[in-house]
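Below, chain A is the first sequence line, B the second, and so on; all start at residue 1. Just so you know, these numbers come straight off a predicted model, no measurement behind them.
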There are 2 protein chains.
Amino acid sequence: MATRTAAQQRNEAREAYDAFMKECPTNQLLARISDKWVSLIVSALGEQSPMRYSDLGRKIPGVSQKMLTQTLRSLERDGLVARTVTASVPVRVDYELTALGRNLCCLLTAVKEWAEKHFDEVDEARTRYDETA
Amino acid sequence: MATRTAAQQRNEAREAYDAFMKECPTNQLLARISDKWVSLIVSALGEQSPMRYSDLGRKIPGVSQKMLTQTLRSLERDGLVARTVTASVPVRVDYELTALGRNLCCLLTAVKEWAEKHFDEVDEARTRYDETA
DNA sequence: CCGTATCCCGCACGATACTG
DNA sequence: CAGTATCGTGCGGGATACGG
């Protein structure tokens, strides 16, 4: 049992690799931002702010309550959006971008505008690709 | 068999609805771009181009063969990257951004740089949030 | 070297129902 | 109105093996 199998060695290598990778914070943050709900919510709040919970739900097509709440919570945790509760009947909750959030929003709306601008080219490329297949 | 069942009609209506109303095509494209593998691959190709398949695999941490191939294919289909096969032994395949891809790349690397720059603030916000909990 | 094909697991996500 | 709680499932995506 002194001998180490190839599988074991591969596993150890993989674990070491994983451990190293977990420490690369930049990619993690990038992956968090590169999420479709994140970009949709942030850009929605960029256009109009503050917005109520239900406003966001109506503005963003196809989002479920769960994902809306979940994403908003994570954005709040990351300090990108601020949540304000107005205790009344019925309760009113507003969301708006923080300074940091507005900062990021510029970049994301730039991406969104890129999508609007170049959609035709992409669509064209797709049909061309599919025809050749 | 000439009659169309109510279920069929409902289905067709639903599909038409989904196709058109679900959300403007812009948001779909935005969702496609807001994918972590997409952003990682595009930004990798932005730094250095052209790159071989295995180079990309080595450069991007934690990507599987499957996701690498899959994402590259979709990017090729969307006209964002170009794939060049050099028939030799062994085969050599190079990937590089198209003009459209380079265009998008500027924006994505801006996002990546944002992530690098503001990571500390985000991390700080997180610990603050977790403490208050 | 550059993939494609296959299996399979976990969890992201949606649907639904319930509270303050 | 603004959420939580719970359950079911589809599919993203990893591991493995094989083909050109």
Side chain of B:M67: nearest nucleotide among D:dG14, C:dG3, D:dG3? D:dG14

Could you state the atom-to-atom distance from NZ of A:K36 to C1' of D:dG12 in whole Å? 13 Å

Is it the case that the side chain of B:T26 and the backbone of A:A115 share a donor-acceptor pair, with hydrogens and angles ignored and the cut-off at 3.5 Å? no

Indicate whether any N or O donor in one side chain lies under 3.5 Å from an N or O acceptor in the other, for B:S74 and B:R32. yes

Provide, to the nearest angstrom, the distance between the CG atom belonging to A:L56 and the P atom belonging to D:dC1. 14 Å

For A:R92 and C:dG20, give me the distance from atom CZ to atom P, rounded to whole Å. 23 Å

Can you tell if the side chain of A:V63 reaches within under 4.5 Å of the side chain of A:L40, non-hydrogen atoms only? no

The nucleotide from D:dG14, C:dG3, D:dC1 with an atom nearest the side chain of B:S64 is D:dG14

Near DNA chain C, which residues from residues 69-82 of chain B have a heavy atom under 4.0 Å away? B:T69, B:R73

Is A:E121 salt-bridged to A:R128, cutoff N-O under 4.0 Å? no

Within the pair B:Y53 and C:dT4, is there a side-chain N or O less than 4.0 Å away from OP1 or OP2? no

Would you check if the side chain of A:S43 reaches a backbone N or O of A:G46 as a donor-acceptor pair within less than 3.5 Å? no

Atom-pair distance (OH on B:Y95; P on C:dC2), nearest Å: 9 Å

Is it the case that B:T84 and B:Y95 place a side-chain donor and acceptor less than 3.5 Å from each other? no

Under the 3.5 angstrom rule, does the side chain of A:T127 hit a backbone N or O of A:E124 as a donor-acceptor pair? yes

Please check if any side-chain donor atom of B:S34 sits under 3.5 Å from a side-chain acceptor atom of A:S34, or the reverse. no

Whole angstrom is fine here: how far is it from CG in A:L68 over to P in D:dT4? 11 Å

Send over the distance from B:I60 CD1 to D:dG13 P, rounded to a whole Å. 14 Å

Detail all sub-3.5 Å separations between protein N/O atoms and N/O atoms belonging to nucleotides 5-10 of chain D.
none

Would you kindly give the CZ-to-P distance between B:R32 and D:dG12, to the nearest whole Å? 11 Å

Is there a side-chain polar atom (N or O) of A:R52 under 4.0 Å from OP1 or OP2 of D:dA2? yes

Decide, yes or no, whether a salt bridge links A:R77 with B:D130 under the criterion of side-chain N to carboxylate O below 4.0 Å. yes

